[in-house]
Amino acid sequence: MAQTYDHQAVESKWQSHWEQAGLFQVKEELTTPKYYCLEMFPYPSGRIHMGHVRVYAIGDVVARYKTMRGFHVLHPMGWDAFGLPAENAAIEKGVHPNVWTQENVAYMKQQLRRMGLSYDWDREVNTSQPDYYRWSQWIFLKMVERGLAYRKRSAVNWCPSCETVLANEQVLAQEGKDGGVCWRCESIVIQKELEQWFFRITEYAQELLDGCDRLTSWPARVLAMQRHWIGRSEGVEIDFPVVDVREALTAIRIFTTRPDTIHGATFMSLAPESPLVEQLIAGRPEADAVRQFVERVSRLDKATRTAADREKEGVFTGAYAINPFTQEHIPIWVANFVLYEYGTGAIMAVPAHDQRDFEFAKQYTIPIRLVIQSPEGTLVPDALEAAYEAQAEAGVLVNSGTFSGQSVSDGKQSIGEHVETQGWGKRTVNFRLRDWGMARQRYWGTPIPMLYCDECGIVSVPEDQLPVLLPEDVPFTGKGGSPLKDSASFAKVTCPTCGGAARRESDTMDTFVDSSWYFLRYCSPKDTQQPVNPDAVKHWMAVDQYVGGIEHAVLHLLYARFFTKVLRDLGLTTVDEPFVHLLTQGMVTKETYWCEEHRWVLPSDTKKVDGERLCTQCEKVIVTGRTEKMSKSKKNIASPEELCDRYGADTARLFSLFAAPPEKDLEWSDTGVEGCSRFLNRVWRLVQEQRFVFEEVQSTSGSAATTLLVDVHRATHQTIQKVTHDLDRDFQFNTAIAALMEFVNQLYKLMKDAPLEGLSADERAGWRSAIECLLLLLGPFAPHIAEELWEMTGHAASIARQPWPVFNPDLVVSNEWTIPIQVNGKLRSRITVQAGTTKDQIIAIAQGDDKLQEWLQDKTARKVIYVEQKLVNFVI
RNA sequence: GCGAGAGUGGCGGAAUGGCAGACGCGCAAGACUUAGGAUCUUGUGGGUAACCGUGGGGGUUCAAGUCCCCCCUCUCGCACCA
């Protein structure tokens, strides 16, 4: 008998079987409930990695499980196929981005097939192909119509040497340089103002925030991150009149969440980018110094400038404003830490009660006035070492005119009201969330379907002219702006309005646009008339279970929510939120090895000598580094392909589900993989040894409920119960698989204790049902081996289409109970009684237990705690 | 600084307030073998023992890894948002 099964043969056999039978194609049905299971689609980078194995294994178990539970399951897959790496490949290797991408898609698709994933490939979506991106363009046009897409000037990272726009991720920090450098040429990156396209996501800020409260099946930390990202804060906008007015700037409006501290505002700060600065300094002696400061600050890239630990710096404008509450003249400064995009780009500075203002005031010797006294009343203005920012505590307003004596919260309220009644400003809400700058000066993305006409200005491409195709004749040099600018065939166009000469928009869309609605496209992927078929969307949406990496906690998941609301308002869907349940799986990590001579080294370049790990090249001792996310640079990669070759897809799947709970990081372990492989071989042999119970035989004896039968039944039904429970409750795959392992161990043990010869008909039936349940429960996790054994045991129809087994509560319970006996909460003994023994009987038996005499002695228990079938505790 | 999460054997990890350490890895002994890094069986938290054990200290409870309070450490995310 074969000791191990041939996973290669079995797996490829079933992969083609499933495919030929179209087993995983799904249609809208009305007879069974729908379930939409979705994993985040991959970027076709070339090869799948262990992170993919993990996320797709998780999704596949969910899809297969729900199918067996009687749902018709939509489980689609596609490609997030636009993006920078394709363009870099074009620059570096001269291969066209489309060719590179399509080759990668083909290769990775074959890799995914080898994993035995239950996708409906008929619904495959590829965002880089015109049949998809024309609808991204269509949606864009609708958003233009509704004012949800618009142009405005905005700063971008610009590499003067490459003459190109850089994404934030392409700007690298470098030691000793004040500001970031280009990832390719290491030139200092500057900020450049460009007209750009934006999505007005801020229009939905409040709804996106409110929606978080209803996403009760999302991980708390994802919701926390989204709430923080949206960042709602309530405050007051207040006008501070300018003294000695120039250039018609009569007042400066500030935003504050702490109106209660306004009597302590001893200066004011403007953002360096604010146009007010120039109006304010015109003709003043300070003008040059201010301009120099602004120039210096605005050269820095954003990440550097806004680093929290950056020193507070500023310059006095020479101008003064009037604090409307105190009538004092306070100096107006320009400060590096004030953000132009937030609030009004101007703040009142209250050094006593804001740490940033405090540091600034100390540096430039500006008065610090205490206007909130702590409950203890111990704060002394001149002795403050840090700002007193506490607001929740019962601080009291002081030095605040008629408002003195009020609590902080009363002060906020009454000062806010006073501002409004005096006409000095208004109470308002501010969000941290900014509009989404979605234009990229890149080739490999969805072209933005807009034109610039000298006569008509900005013109939309008419709907019937979509898609705006990406031109093929584009040189990839890595220089200049968008490569599309260099395509004559693309750029030149006639204006659809006036027929005159016009120029096409050469920017493309951020790839996050493509992935913001792909889950809707899966519902009707081949529709040529509209982006989505509203009926299909109505049937399938929302996604019942979404699975993906935590790295998308904010951007993708927020954008997808935004798009869903936009498309709802366009009448294309009726759901408010796209994803009901969200599972964010952890990273796949592995130990790293460090050789002081050869830096990071592959495990295969090390050897163990006398318990010490040495570098095979230089014999130096290897330091075992931290366990980190798998990465090429750290050389701690495990290859899915090698894994499938050596152990098979079932083992790969099983290990990635077993080694850790899905939401936690998974530490890769080669020996752990072997353990899973061993388990599958144990299953294989177990079924081989028991195959005869599936053969028709005459019954050899009566049908009494033998001990063996009871034990087999109990093990079976306990396992069904446990696995079902673990899957229903937050998909605890690791404990579900542990239960299956335990079940197999039990069956081996039972087999050993009771030889299989001479089984009664009932016992054979019991074994048969045990094996069947084992295979059914294993099916979602290790589908190939389950399918093969299912067939071998005489079943014609695919195991993937069988109903999930149901446990019988009567068979789960044991006929005897083992009850732990405690004295004062400490375990002292254990008794075994017949099931159904009453409380009083059990207590009596326990009291008579030999082992307990030492502890009970002659004392009477003060109290006896009895927990049904669980324990007895004597309190003495 | 703000937010989230986590600290349990040699390791990954289990435990609706009710037998701490399921399951797996590793390790040890044995079996089968010419041999095995295959497979099978048994054992495996610490301690000679009484006992002690879930980061530390308090508390609630008949009973705490689990609930409450304080503290420590680590990881991740955000980070000058007025």
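Numbered from 1 within each chain, the chains take letters A, B, ... in sequence-line order. Note that the structure is a prediction, hence the values are computed from the model and not measured.
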Classify [X] by what it touches in the nucleic acid, base, sugar-phosphate, or nothing, heavy-atom distance under 4.0 Å.
{"X": "A:Ser269", "answer": "nothing"}
{"X": "A:Arg678", "answer": "sugar-phosphate"}
{"X": "A:Asn734", "answer": "sugar-phosphate"}
{"X": "A:Pro219", "answer": "nothing"}
{"X": "A:Arg232", "answer": "nothing"}
{"X": "A:Gly675", "answer": "sugar-phosphate"}
{"X": "A:Asn430", "answer": "nothing"}

Between [M] and [N], how far apart are the [atom1] atoms? Round to whole Å, please.
{"N": "B:G21", "M": "B:C27", "atom1": "P", "answer": "23 Å"}
{"N": "B:G55", "M": "B:U42", "atom1": "C1'", "answer": "35 Å"}
{"N": "B:U44", "M": "B:G36", "atom1": "P", "answer": "26 Å"}
{"N": "B:G65", "M": "B:A15", "atom1": "C1'", "answer": "9 Å"}
{"N": "B:A31", "M": "B:A22", "atom1": "P", "answer": "27 Å"}
{"N": "B:A20", "M": "B:C78", "atom1": "C1'", "answer": "37 Å"}
{"N": "B:U48", "M": "B:A6", "atom1": "P", "answer": "36 Å"}
{"N": "B:G53", "M": "B:G26", "atom1": "P", "answer": "32 Å"}

Identified pairing partner of [N], criterion: Watson-Crick or G-U wobble below 3.5 Å:
{"N": "B:A14", "result": "none"}
{"N": "B:A31", "result": "B:U39"}
{"N": "B:G1", "result": "B:C78"}
{"N": "B:U61", "result": "none"}
{"N": "B:A20", "result": "none"}
{"N": "B:G53", "result": "none"}
{"N": "B:U44", "result": "B:G26"}
{"N": "B:A6", "result": "B:U73"}

Proximity to the side chain of [X] - top-ranked nucleotide from [options]:
{"X": "A:Thr735", "options": "B:A14, B:G24, B:C81", "answer": "B:A14"}
{"X": "A:Phe658", "options": "B:A82, B:C23, B:C80", "answer": "B:C23"}
{"X": "A:Ile347", "options": "B:C81, B:A82, B:C80", "answer": "B:A82"}
{"X": "A:Trp229", "options": "B:C80, B:C78, B:U42", "answer": "B:C78"}

Are a donor atom and an acceptor atom from the side chains of [X] and [Y] found within less than 3.5 Å of each other?
{"X": "A:Asp435", "Y": "A:Thr202", "result": "yes"}
{"X": "A:Asp665", "Y": "A:Thr589", "result": "no"}
{"X": "A:Glu359", "Y": "A:Gln355", "result": "yes"}

What I'd like to find out is whether the side chain of A:Gln226 reaches to under 4.5 Å of the side chain of A:Leu223, using heavy atoms alone. no
Any side-chain heavy-atom pair from A:Arg828 and A:Gln822 closer than 4.5 angstrom? no
Can you say whether the rings of [X] and [Y] are parallel (under 30°), tilted (30 to 60°) or perpendicular (over 60°)?
{"X": "A:Trp436", "Y": "A:Tyr559", "value": "parallel"}
{"X": "A:Phe781", "Y": "A:Phe733", "value": "perpendicular"}
{"X": "A:Phe325", "Y": "A:Trp424", "value": "perpendicular"}

Would you say A:Arg432 reaches B:C78's phosphate, i.e. side-chain N/O to OP1/OP2 under 4.0 Å? no
Above 12 or not: heavy atoms from other molecules or residues under 6.0 Å from CD of A:Glu234? no
Nearest-Å distance, [atom1] ([X]) to [atom2] ([N])?
{"X": "A:Tyr748", "N": "B:C40", "atom1": "OH", "atom2": "C1'", "result": "10 Å"}
{"X": "A:Phe679", "N": "B:C40", "atom1": "CZ", "atom2": "P", "result": "12 Å"}
{"X": "A:Phe267", "N": "B:A82", "atom1": "CZ", "atom2": "C1'", "result": "11 Å"}
{"X": "A:Leu657", "N": "B:G24", "atom1": "CG", "atom2": "P", "result": "17 Å"}
{"X": "A:Glu551", "N": "B:G77", "atom1": "CD", "atom2": "C1'", "result": "12 Å"}
{"X": "A:Asp670", "N": "B:G26", "atom1": "CG", "atom2": "C1'", "result": "14 Å"}

Partner set under side chain to side chain donor-acceptor pair (under 3.5 Å) for A:Glu591, not counting sequence neighbours: A:Tyr593
Mind checking what makes side chain to side chain donor-acceptor pair (under 3.5 Å) contact with A:Arg682, not counting sequence neighbours? A:Asn745
Charged N to carboxylate O below 4.0 Å: is that the case for [X] and [Y]?
{"X": "A:Arg227", "Y": "A:Asp213", "result": "yes"}
{"X": "A:Glu389", "Y": "A:Arg356", "result": "no"}
{"X": "A:Asp239", "Y": "A:Arg253", "result": "yes"}

Using heavy atoms to find the nearest nucleotide of RNA chain B for A:Phe431 and A:Arg729 separately, return the residue whose nucleotide is more 5′. A:Arg729
Could you say whether A:Gly345 or A:Leu666 is positioned toward the 5' end of RNA chain B, judged by the nucleotide with the nearest heavy atom to each? A:Leu666
Do you know which two heavy atoms are closest between A:Asp260 and A:Ile415, and how far apart they sit? CA-CD1, 3.8 Å
Any donor-acceptor pair under 3.5 Å linking the side chain of A:Asn681 with the backbone of A:Tyr5? yes
Filtered N/O pairs between nucleotides 30-33 of chain B and protein, under 3.5 Å:
none

List the steps, then state whether salt bridge (Lys or Arg N to Asp or Glu O under 4.0 Å) holds for A:Glu742 with A:Lys749. CA-CA 10 Å; A:Glu742 212 173 339; A:Lys749 192 162 259 166; over 6 Å; no
Under 3.5 Å between N/O atoms: give me all the protein pairs with nucleotides 1-6 of chain B, atom names plus distance.
none

Report the C-alpha separation of A:Phe360 and A:Phe267 in whole Å, then their side-chain angles, then the decisive distance to 0.1 Å, and conclude whether the ring-ring contact (aromatic ring centres under 6.0 Å, His included) test is met. CA-CA 10 Å; A:Phe360 196 89; A:Phe267 63 106; 5.4 Å; yes
Atom pairs, protein N/O to nucleotides 62-64 of chain B N/O, distance under 3.5 Å:
residue: B:C62; atom: O2'; partner: A:Asn873; partner atom: ND2; Å: 3.2
residue: B:C62; atom: O2; partner: A:Asn873; partner atom: ND2; Å: 2.6

So which protein N/O to nucleotides 43-53 of chain B N/O distances come out below 3.5 Å?
none

For B:G59, is chi within 90° of 0 (syn) or not (anti)? anti
